[in-house]
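Note on naming: letters A, B, ... go to the chains in the order of the sequence lines (proteins, then strands), and numbering restarts at 1 for each one.
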Amino acid sequence: MQHWLVKSPPKRYSIDDLKAAGVDCWDGVRNYQVRNMLRDDFRTGDLAFFYHSECPEPGIVGTMMIASGAYPDPTAFDPKEKYFDPKSDPESPRWLMVDVRYKRKLKRPIPLKELRAHDELTEMPLLRRGNRLSITPVTPDQWAFIMSLE
DNA sequence: GCCAACGTTGGC
DNA sequence: GCCAACGTTGGC
């Protein structure tokens with residue numbers, strides 16, 4: 001089983017939105033590196049941190065489980081959607097998504113500031129300079145260490 | 001294939 | 001709102 005960290009601005013989609021939904025699709029990925037991870041590396045049963053970005057206190061707020069393999073993202077085909085992509089052809093879809101299942105909120109959010117303060121986590125892609133990918137891998141050790149901070 | 005212009009992300 | 005960093009686009 002693998003571990004991931006998945007970012008979302010809470011104004012767009014928050015951990016509470018996922019909690020309310022139970023299971024939801026993770027649509028709107030429009031970055032090729034991230035799409036390739038969804039397509040090639042994601043497996044049902046993988047665990048992921050839910051990270052709130054672009055908010056007063058960015059950080060890890062909960063966990064979820066990957067609940068499907070990658071499949072075409074229909075929002076790419078709909079001109080009314082914010083993430084419509086006229087170049088994504090339903091015959092050969094360019095953008096993919098997965099389903100995710102809410103697991104739980106952490107007892108307390110772990111802020112980005114705090115993640116940065118731990119030597120154990122300096123290798124996390126999330127913390128590397130210039131990283132902007134909305135999905136990044138987490139090693140088993142990093143996962144366990146972050147869980148121990150809760 | 002190069003590269004300038006432009007767009008997006010995301011912390012602060 | 002600013003700005004660094006990076007991705008995408010499109011002319012050549």
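Under 4.0 angstrom from either OP1 or OP2 of B:dG11 there lies at least one side-chain N or O belonging to A:Tyr51. Between A:Lys7 and B:dG10 there is a side-chain N or O to OP1 or OP2 distance below 4.0 Å.
Using cut-offs of 30° and 60° on the angle between ring planes, the pair A:Trp26 and A:Tyr13 is perpendicular.
In this structure, of B:dG11, C:dT8, C:dA4, it is C:dA4 that holds the atom nearest to the side chain of A:Arg129.
One atom, CG of A:Leu126, and another, C1' of C:dA5, lie 15 Å apart when rounded to the nearest Å. Distance, A:Tyr83 OH to B:dT8 C1': 9 Å, rounded to whole Å. One can place CG of A:Asn31 at 10 Å from C1' of C:dC6, the figure rounded to the nearest angstrom. What separates CD1 of A:Ile135 from P of C:dG7 is a distance of 16 Å, to the nearest Å. Whole-Å rounding puts the A:Leu115 CG to B:dC12 P distance at 11 Å. One interatomic measurement links the two molecules: CD of A:Glu54 to P of C:dA5, which rounds to 18 Å at whole-angstrom precision. Rounded to whole Å, atom P of C:dG7 lies 6 Å from atom CD of A:Gln33. Between A:Leu133 atom CG and B:dG10 atom C1' there is a gap of 12 Å when expressed in whole angstrom units.
Scored by the side chain to side chain contact (heavy atoms under 4.5 Å, CB included) test, A:Glu114 finds A:Arg108, A:Ile110, A:Pro111, A:His118, A:Leu149 as partners (sequence neighbours excluded).
Taking all atoms of both residues into account, the shortest heavy-atom contact from A:Arg12 to A:Asp27 is NH2-O, 3.5 Å.
For A:Arg132 against B:dT8, a side-chain N or O and a base N or O form a donor-acceptor pair under 3.5 Å.
Summarising the hydrophobic clusters (Ile, Leu, Val, Met, Phe, Trp, Tyr; side-chain heavy atoms under 4.5 Å, direct or chained), the residues clustered with A:Trp95 are A:Tyr32.
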